[in-house]
Amino acid sequence: GGTAPDCDDTNGCTDDSCDSASGCVSTDNTASCDDGDACTTSDTCTAGACLGGTSPDCDDVNGCTDDSCDSASGCVNADNTASCNDGDACTTSDTCSAGACLGGAAPDCDDANGCTDDACDSTLGCHSMDNSSGCDDGNACTTSDTCAGGACVGGAAPDCDDGNGCTDDSCDPSSGCVTADNEEACDDGDPCTGTDLCVVGACVGDYLVDECCGDPDSSGWVGVSDALRILQNAVGMDVVCPLALCDVNGNGVITSSDALMTLIVAVGGEMEMECSILEPLPELDTQP
C-alpha cells in the first residue's frame with residue numbers, strides 16, 4: 001500500500017478517519033466551536049455544524065450608556081444623555097454626559113420662613129434650623145419681635161401714652177398707636193380758670209372773673225403787678241392776659257381808675273371790686 005489518503009474535510013464539527021473497507025469516514029461530534037458571530041457564546045457542534053449559544057451580557061451597569069451587541073465586534077456601550085441620579089441630594093435635573101451622571105442646579109431650599117436658616121446636605125437634602133433673628137409678626141402693637149421655635153413671637157406692647165390727658169390712647173394691630181380726643185375734666189394749671197374741660201385734644205378753662213377779679217397775672221391773689229398790668233392795658237399797651245381786660249369798677253371801660261382800685265386792694269385797702277371782662281376782647285399781643 002501507498003500513502004494514506006487525506007481524509008480532513010476541514011469541518012471541525014466532524015471527526016475524520018479512514019476505514020480499510022470504505023475509505024474516509026467523517027463522524028459528527030459535539031466539540032466546542034466558533035460560529036463567527038460575536039453575539040453568541042458557548043458555541044457547540046451539532047449535526048456536523050457549529051451552533052451559536054447564548055447572547056453575551058453586554059450590560060456595563062452604567063445608566064449613562066446604551067448597551068447593544070454587534071455581530072462583528074461584540075458588546076457596544078454608547079454614551080447617552082438620559083436623566084440620572086448622581087447620588088447628591090443637593091443637585092437637581094441630573095443628566096448623563098460622556099458616560100457619567102452630571103449633577104444639575106442646586107435645589108431651592110428657601111422655605112420662605114425668616115425664622116429658619118436653610119441649608120442643603122448631600123445625603124439628606126434641604127433642611128432648616130430655627131434661629132433667633134429679629135422679625136416682624138405683622139402686629140403693630142408689639143415691639144422687638146424675635147424668632148423662637150421657627151416662628152415670629154411678638155415682644156412688648158409699644159408705649160402709646162402721648163402724655164396728653166385730653167386724648168384716649170390705644171393701639172390698633174394694623175396701624176399702631178391711636179389717639180382720640182376726649183371731653184374729660186382737666187386742669188390747665190391756671191388758678192384763675194374754673195372747671196377746665198378737654199376740647200379738641202387740649203385743656204381749656206373759663207376765666208373766673210368773680211373769684212379772680214383784679215388778678216391778671218393768675219397768681220391766685222391781687223398784687224401790685226396786677227395793678228400794673230391793668231394800668232398798661234388802660235393806656236393802650238398789649239397785655240397777654242384776659243383778666244387784664246377786666247372792668248374793675250364796673251363803669252364799662254378800662255381806665256387808670258381800675259388800676260388804682262386794684263392797687264388799693266393789693267396794699268390791703270378795703271374796697272370791693274366789681275369785675276367783668278369787656279366784650280369783645282381785643283386781640284392780644286404775645287409780648288409780656
Side-chain angles (χ1 to χ4, degrees), residues 112-115 131-230 232-233 236-248 254 258 262 265-266 273-288:
N113 183 356
C115 286
N131 61 39
S132 56
S133 302
C135 57
D136 183 357
D137 65 355
N139 186 347
C141 293
T142 61
T143 62
S144 303
D145 304 336
T146 308
C147 292
C152 190
V153 179
D159 181 9
C160 291
D161 184 4
D162 61 1
N164 183 357
C166 285
T167 59
D168 294 327
D169 308 320
S170 61
C171 189
D172 181 85
S174 60
S175 59
C177 291
V178 178
T179 58
D181 297 340
N182 61 42
E183 297 180 355
E184 302 290 333
C186 57
D187 183 0
D188 64 357
D190 190 339
C192 285
T193 57
T195 303
D196 304 329
L197 291 175
C198 292
V199 178
V200 194
C203 191
V204 178
D206 292 328
Y207 281 92
L208 302 176
V209 177
D210 294 335
E211 291 86 342
C212 298
C213 180
D215 183 22
D217 65 2
S218 301
S219 62
W221 66 87
V222 176
V224 174
S225 64
D226 297 308
L228 177 59
R229 286 174 182 262
I230 294 174
Q232 289 173 332
N233 184 67
M237 296 178 64
D238 291 329
V239 180
V240 184
C241 179
L243 290 180
L245 303 176
C246 283
D247 178 18
V248 177
I254 297 174
D258 296 303
T262 303
V265 173
M273 293 188 292
E274 190 175 325
C275 289
S276 63
I277 296 180
L278 296 182
E279 295 291 347
L281 294 177
E283 182 176 334
L284 300 180
D285 196 357
T286 56
Q287 70 181 33

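Computed over heavy atoms, backbone and side chain alike; hydrogens, waters and symmetry mates excluded. In what follows, residues are counted from 1 in the order of the sequence shown. Keep in mind it's a predicted model, so treat the numbers as computed, not measured.
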Residues forming a side-chain contact (heavy atoms from CB on, under 4.5 Å) with [X], sequence neighbours excluded:
| X | result |
| --- | --- |
| Asn164 | Asp162, Cys166, Thr167 |
| Val178 | Ser170, Asp172, Ser175 |
| Ser225 | Asp217 |
| Thr142 | Asp137, Asn139, Asp145 |

Problem - Gap separating the CG atom of Asp181 from the SG atom of Cys198, nearest 0.5 angstrom - result: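 It comes to 8.5 Å.
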Practice task
Kindly compute the distance separating SG (Cys177) from CG (Asp159), expressed to the nearest 0.5 Å.
Solution key: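 So the SG of Cys177 and the CG of Asp159 are separated by 7.5 Å.
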Problem - SG(Cys152) to SG(Cys147) below 2.5 Å - result: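 No, because the SG atoms of Cys152 and Cys147 are not under 2.5 Å apart, which misses the disulfide cut-off.
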Practice task
Determine, for cysteines Cys115 and Cys135, whether their SG atoms are under 2.5 angstrom apart.
Solution key: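 Answer is no, sulfur atoms not closer than 2.5 Å.
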Those residues that, when tested against [X], pass side chain to side chain donor-acceptor pair (under 3.5 Å) (two or more places apart):
| X | result |
| --- | --- |
| Asp226 | none |
| Asp168 | Asn182 |
| Asp188 | Thr193 |

Exercise for the section: Taking the side chain as every heavy atom from C-beta outward, state whether Asp187 and Asp196 have any pair of such atoms under 4.5 Å apart. Expected result: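 When only atoms from C-beta onward are counted, Asp196 and Asp187 do touch, with a gap below 4.5 Å.
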How close do [X] and [Y] get, heavy atom to heavy atom, and via which atoms?
| X | Y | answer |
| --- | --- | --- |
| Cys246 | Ile254 | O-CG1, 3.7 Å |
| Ala140 | Cys171 | O-SG, 4.0 Å |
| Leu197 | Glu183 | CD2-O, 4.2 Å |
| Ile230 | Gly214 | CD1-CA, 4.3 Å |

Handout entry: Residues in disulfide bond (SG atoms under 2.5 Å apart) contact with Cys213, at least two apart in sequence or another chain
Key =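 Counting only residues at least two positions away or on another chain, Cys213 forms a disulfide bond (SG atoms under 2.5 Å apart) with Cys275.
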Handout entry: Check: Asp258 side chain, Asp247 main-chain N or O, donor-acceptor pair, under 3.5 Å
Key =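 No; zero donor-acceptor contacts below 3.5 Å.
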Exercise for the section: Report the C-alpha separation of Thr179 and Asp169 in whole Å, then their side-chain angles, then the decisive distance to 0.1 Å, and conclude whether the side-chain contact (heavy atoms from CB on, under 4.5 Å) test is met. Expected result: CA-CA 5 Å; Thr179 58; Asp169 308 320; 3.1 Å; yes
